[in-house]
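This report concerns only the one structure given below.
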There are 2 protein chains.
Amino acid sequence: MTTAEETGGGEAPWAEVTPDAARRLLLAAVEAFAERGYHATTTRDIAGRAGMSPAALYIHYKTKEELLHRISRIGHEKALEILRTAARREGSATERLADAVSSFVRWHAGGRTTARVVQYELDSLGPEARAEILALRHEVDAEVRGIIEDGLATGEFDVLDVRGTTLAVLSLCIDVARWFNLDGPRTPEEVGTLYADLVLRMVGAGK
Amino acid sequence: MTTAEETGGGEAPWAEVTPDAARRLLLAAVEAFAERGYHATTTRDIAGRAGMSPAALYIHYKTKEELLHRISRIGHEKALEILRTAARREGSATERLADAVSSFVRWHAGGRTTARVVQYELDSLGPEARAEILALRHEVDAEVRGIIEDGLATGEFDVLDVRGTTLAVLSLCIDVARWFNLDGPRTPEEVGTLYADLVLRMVGAGK
DNA sequence: GGGCGTGCTAAGCGCTCGCTCACCTTCGGC
DNA sequence: GCCGAAGGTGAGCGAGCGCTTAGCACGCCC
């Protein structure tokens, strides 16, 4: 599993964005939004980071909001794919939940820049764009809830409030993007392992 | 609309702010910052919500940032006080941790408006203001870590990584401010109870 | 009841924002 | 060798921003 940061290899999720100039602008926007927030970022700043004039942005994107929308959709699709892969592999519910949490957390820690924008700038989108993203979030939620329900059915887990616990598990993982620091003492892998253990305890696995 | 929300879990923390006009402006700022974020909020909006002209703001506060700074400091002090009260009461580590988590979560859920600003707008502060707030956050962290270490010493808890688990517990509680919705299916009390149970599982209490 | 500090407003300054427009370059097809 | 499309630039627009200033209303002390 490759990981380092965006450039180093939270894989290369932006490969699908073409042409090249549009991708460079998107990458610059991710950086800027993650650092200062959507509203505090200027289109001049984004274009500058991409080495272009302010006007160039509008050749590839209609508005500044379209940039955020594209980033958010691609990011959510990637996050959903990570969870789906873990949820639908072979193995017990315990193994699948541990896998889901650790890879989801690794993505939020290693690709903190992207994850921050994806998870915390949702409110800056307009109503229709937000609705589209919320639908993806429901799928994310359903994927995790599915694993927990599997574990309940097999007797592996012991959970009183399935929806509440699902919410807490996802909340715990997502908040990694807020506090994680690449220069800090922990690697994304370490946090992933720790969190998988904590989550298994939360669902009462292996008691 | 007078704040019925704050009273749910947080009494009236702004009573210390005088004179009355300054408090009304602060309250309006909390609402606006929570809704749209600091950078997307205009001074005209804040003054308007407080029923005053844009210029009135500058009689009581030097800058827009000073408003955020005051809100953040008062909010962090309140959060710290809540945790201190729970951490230093009589009782086993298990009881104190459950109390700390449930009351901390109640504050984040019931006073979601305030908590959102306090927890998510930290980066909008300047360097010295941010440093002051970060010191308060370290005290918050130390308070929770203290309870967990107590529980380890008495054999109540079973935790491998104390700092990591402390971080996760706080992260879980804080993120409540992001997703909690007063119109949703759960009351702050219910979430507090659920989370206290989940956290006790995370630290291996009552195995 | 005149003088004055306090708290507020209307008007507006200087600046920067998101975005547009007229024009320039490069390049493959014929 | 000319042509149009694609991708870029410099200059600048209207609007709205944070914040300031001149002046007004009002309570309070003498």
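Proteins come first, then strands; the chains are lettered A, B, ... in the order of their sequence lines, and each starts at number 1.
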Check the interface with nucleotides 10-16 of chain D: list each N/O to N/O pair with the protein under 3.5 Å, or write none.
from	atom 1	to	atom 2	distance (Å)
D:dG12	O6	A:R44	NH2	3.4

Can you list every ring pair (Phe, Tyr, Trp, His ring centres under 6.0 Å) pair that touches residues 35-55 of chain A, not counting sequence neighbours? A:F33-A:Y38
Pair listing, ring pair (Phe, Tyr, Trp, His ring centres under 6.0 Å) test, anchored in residues 75-102 of chain A, at least two apart: none
Using distance alone, with no hydrogens and no angle criterion, decide if B:S124 and B:E121 have a side-chain donor and acceptor under 3.5 Å apart.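 A donor-acceptor contact under 3.5 Å links the two side chains.
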Going by atom types alone, do A:T63 and A:E66 pair a side-chain donor with an acceptor below 3.5 Å?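 No.
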Checking B:E35 now: which residues fulfil side-chain hydrogen bond (donor to acceptor under 3.5 Å, both in side chains) with it, not counting sequence neighbours?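 In terms of side-chain hydrogen bond (donor to acceptor under 3.5 Å, both in side chains), with neighbours along the sequence ignored, B:E35 is linked to B:R49.
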Partner set under side-chain hydrogen bond (donor to acceptor under 3.5 Å, both in side chains) for B:T94, not counting sequence neighbours: B:E156
Between the protein and nucleotides 4-7 of chain D, which nitrogen or oxygen pairs come in under 3.5 angstrom?
none

Could you pull out all residues at least two apart from A:T42 that satisfy side chain to side chain contact (heavy atoms under 4.5 Å, CB included)? A:R44, A:D45
Checking B:E143 now: which residues fulfil salt bridge (Lys or Arg N to Asp or Glu O under 4.0 Å) with it, not counting sequence neighbours?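 B:E143: salt bridge (Lys or Arg N to Asp or Glu O under 4.0 Å) contacts with B:R84, B:R88.
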Going by salt bridge (Lys or Arg N to Asp or Glu O under 4.0 Å), name the residues that satisfy it together with A:E77, two or more places apart in sequence or in a different chain. A:R73
B:Y195: which residues meet the ring-ring contact (aromatic ring centres under 6.0 Å, His included) condition with it, sequence neighbours left out?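 Applying ring-ring contact (aromatic ring centres under 6.0 Å, His included) to B:Y195 gives none.
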Protein-nucleotide distance (B:Y58, atom OH; D:dA22, atom C1'), rounded to Å: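 Taking OH of B:Y58 and C1' of D:dA22, I get 18 Å after rounding.
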From CD1 (B:I148) to CZ (B:F157), nearest 0.5 Å: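 With rounding to 0.5 Å, CD1 (B:I148) is 7.0 Å from CZ (B:F157).
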Contact list for DNA chain C against residues 66-75 of chain B - heavy-atom distance below 4.0 Å: none
Check this for me: does any side-chain nitrogen of one of B:D141 and B:R137 sit under 4.0 Å from a carboxylate oxygen of the other?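 Answer for the salt bridge query: no.
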Nucleotides bounding contact with chain A, strand DNA chain C, heavy-atom threshold 4.0 Å: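 Range of nucleotides touched by chain A: C:dC17 to C:dC21.
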